[in-house]
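Beneath this line is the structure, given in structure tokens, with notes to follow.
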Amino acid sequence: MKVLGIESSCDECAAAIVEDGKKILSNVVATQIPFHAEYQGVVPEIASRMHTEWINRVVDEALLKAAVKIEDIDAVAATAHPGLLGSLLVGLNFAKAFAWARAIPFIAIDHMLAHLYAANLEYDNIEYPFLGLLVSGGHTIICRADNFDDIAVLGTSIDDAIGEAFDKVAKHYCLGYPGGEIIDKLAKKGNASAFNFPMPKLKSDHRYDVSYSGLKTAAINQLDKFRNDTINEYSEEDIAASFQKSAVDILLRGLFNAIEDSGIKTVVAGGGVAANSYLRAVISERKDLRVIFPSLSLCGDNGAMIAGLAYCYLKRGEHTPLTATASARVKSYRNIRSTK
Ligand code: KG4
Ligand code: ZN
């Protein structure tokens, strides 16, 4: 079964064709980063307009690269939530129109569940239950996964998402956009102990939660101190390394608490921040765990994870009515249990 997956929740206009939830026949990601970079953040109006302009070409390219004819597509899926509403609507409505015109099933996909599925595109034997580490620009979620659509959220950020913190710190230091990858690169040449940012104090019933506003503010306040120091030059590399270390330490405190309490030793990561080299290196030191990271191209937003996850629903005989609409927020599916 060949599924066309469309992803347009933020600033990547993406389409992919995946066979039987596994085999990536094509995975086209057209990034809008250069168009948002001058604003150092995603401008929603520009994003949705560009999706509208690009979506046809991106889907055409996905078909071309997969050497698949439009008649050979068995189902079409698109991200329905969470994300920027205007952007989501472009991909979702494209997919619904495609499904209607071709009289094939349509599947609305949750973006974070798709990030969690991404590792399945490359690994065969990921068994439930496992702990999910979902780290992106908009969300930070530590969860227990019992099925592809059955996750119990154990911990989240009580304020900023981890990727958002990377992006905002990079923005204040004028490092460029998006900040995560840039900080990751700079940090490789920096001293992670140069600045000691405090760990957030969370109450005992928040053992799996994370918080980034304190770290973000501390890193930004440090910039004011640098500006007032007219004698010494500061090192962007040291700030990047110290900030990154703290951000990852905060995340791993929550994750390691969840591992300790649940006894679950398999961790599956997903989302843009899962590309972070320091995060990947530090977790891999835990030899008692099986930690599965998608390869870098599948960490960020892409259509393959959408098409892959859609196949799981199709296999169960499920699809989505064409009346389904987009939602900017995480939608609570009935079968997504929350322990909170
Ligand atoms: O999943 P994603 O592509 O889009 C959302 O769903 O938000 O994640 C984007 C986020 C951005 O905040 C970006 O700065 C961050 O992922 N990111 C990274 C790295 N690469 C991307 N953060 C840290 N280290 C990286 N190497
Ligand atoms: Zn994402």
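Positions are given from 1 along the sequence. Read the numbers this way: they start at 1 and go in the same order the structure lists the ligands and their atoms.
Residue, atom and distance of the protein heavy atom nearest to atom 21 (C) of ligand 1 are Gly272 O, 3.4 Å. Of the protein's heavy atoms, Asp184 OD2, 2.9 Å lies nearest to atom 26 (N) of ligand 1. In terms of protein heavy-atom proximity, atom 11 (C) of ligand 1 is nearest to Asp167 OD2, 3.5 Å. When hydrogens are left out, the protein atom nearest atom 7 (O) of ligand 1 is Gly137 N, 2.8 Å; that is the closest non-hydrogen contact.
Every residue was checked against the salt bridge (charged side-chain N to carboxylate O under 4.0 Å, His left out) condition with Lys96, not counting sequence neighbours, and none meets it.
Not one N or O on the side chain of Tyr177 forms a donor-acceptor pair closer than 3.5 Å with the backbone of His36.
Nearby protein atoms of type N, O or S around the Zn ion (ligand 2) amount to 3 (distance under 2.8 Å).
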Less than 3.5 Å apart, which donor and acceptor atoms pair up between the side chains of residues 185-193 and the rest of the protein, not counting sequence neighbours?
from   : atom 1 : to     : atom 2 : distance (Å)
Asn191 : OD1    : Ser193 : N      : 2.9

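Heavy-atom separations between Gln244 and ligand 1 are all 4.0 Å or longer. Note on ligand 1: Gly138 sits in its first shell, one or more heavy atoms being nearer than 4.0 Å. Contact between Met112 and ligand 1 is absent, with no heavy atom of the residue lying under 4.0 Å from the ligand.
Applying the side chain to side chain donor-acceptor pair (under 3.5 Å) definition to pairs two or more places apart or across chains, none involves residues 303-312.
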